Amino acid sequence: GENSPGDYRFSSGKGSSLYRMKNYAEAQAAFAESVAQAQDPLDKAQALYNGGNSLVQLGKYKEAIANYEQGLKLDPGDREAQENLEYAKR
């Protein structure tokens, strides 16, 4: 069925907790869920950013770059995403 904003908040929160616990693979899966559930483009950009950070921690730079670039299309002014994108490309 339709995603509710609550779904996005839940998967986002779950991803953030997992990320803090250094469970980066599970965090990335949760953020991927929140990308799919986001209704607001800025929420989606945030979820892509968080997923990108998880992918960097996993050493998956190509996938991380794709995440950051997709997020920056939605929120071009996101300086942190821009910086992390540059980092992931190194």
Side-chain angles (χ1 to χ4, degrees):
E2 274 302 287
N3 291 313
S4 75
D7 295 335
Y8 168 79
R9 282 194 297 274
F10 177 78
S11 54
S12 252
K14 189 169 98 175
S16 297
S17 307
L18 289 162
Y19 189 89
R20 279 195 296 275
M21 295 187 295
K22 299 186 168 40
N23 289 346
Y24 299 120
E26 288 173 56
Q28 198 270 319
F31 290 133
E33 245 173 78
S34 53
V35 169
Q37 292 162 344
Q39 286 155 334
D40 180 279
L42 293 179
D43 285 346
K44 190 174 220 149
Q46 184 62 49
L48 284 159
Y49 171 78
N50 290 333
N53 293 347
S54 306
L55 288 161
V56 165
Q57 297 290 347
L58 293 164
K60 298 183 174 180
Y61 295 104
K62 257 208 205 63
E63 291 171 50
I65 288 166
N67 262 46
Y68 294 138
E69 286 178 342
Q70 216 183 324
L72 281 162
K73 280 199 190 94
L74 297 168
D75 183 11
D78 187 340
R79 259 215 319 280
E80 283 175 13
Q82 193 61 59
E83 285 166 17
N84 289 17
L85 172 61
E86 298 310 316
Y87 172 81
K89 283 180 168 172
R90 283 207 289 274

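From a predicted model like this one, the values you see are computed outputs, not experimental measurements. Computed from heavy atoms alone, side chains included, the values below leave out hydrogens, waters and symmetry copies. Here, residue 1 is the first one in the sequence, and each next residue gets the next number.
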To the nearest 0.5 Å, atom CG of Leu55 lies from atom NZ of Lys62 at 13.0 Å

Paired with Ser54, the side-chain contact (heavy atoms from CB on, under 4.5 Å) test is passed by just one of Gln28, Glu63, Glu26, Lys60, namely Gln28

- Between Tyr68 and Tyr49, what is the ring plane arrangement, given parallel below 30°, perpendicular above 60°, and tilted in between? tilted

So CZ of Arg79 and CD of Gln82: to nearest 0.5 Å the spacing works out to 10.5 Å

dist Gln57:CD -> Asn23:CG (nearest 0.5 Å) comes out at 12.0 Å

Note: Gly52 and Asn67 closest approach over all heavy atoms is N-ND2, 3.2 Å

_Hydrophobic clusters here meaning ILVMFWY residues chained together by side-chain heavy-atom distances under 4.5 Å, can you tell me if Leu72 and Ile65 are in one?_
yes

| message | I'd like to know whether Asn53 forms a side chain to side chain contact (heavy atoms under 4.5 Å, CB included) with Tyr19, so could you lay out the CA-CA distance, the side-chain angles of the two residues, the decisive distance to 0.1 Å, and finally the verdict. | response | CA-CA 9 Å; Asn53 293 347; Tyr19 189 89; 3.8 Å; yes

(request) Determine, using the 4.5 Å side-chain heavy-atom cutoff (strictly less than), whether Leu42 and Leu74 are members of one ILVMFWY cluster. (result) no

One should read off an interatomic distance between Asn84 CG and Asp78 CG, to the nearest 0.5 angstrom, of 8.5 Å

Taken to the nearest 0.5 Å, the spacing of Gln46 CD from Glu80 CD works out to 8.0 Å

| query | Got a donor-acceptor contact below 3.5 angstrom from the Asp40 side chain to the Asp43 backbone? | reply | yes

Exercise for the section: Please answer whether the main-chain N or O of Phe31 pairs with a side-chain N or O of Ser34 as donor and acceptor at a distance below 3.5 Å. Expected result: yes

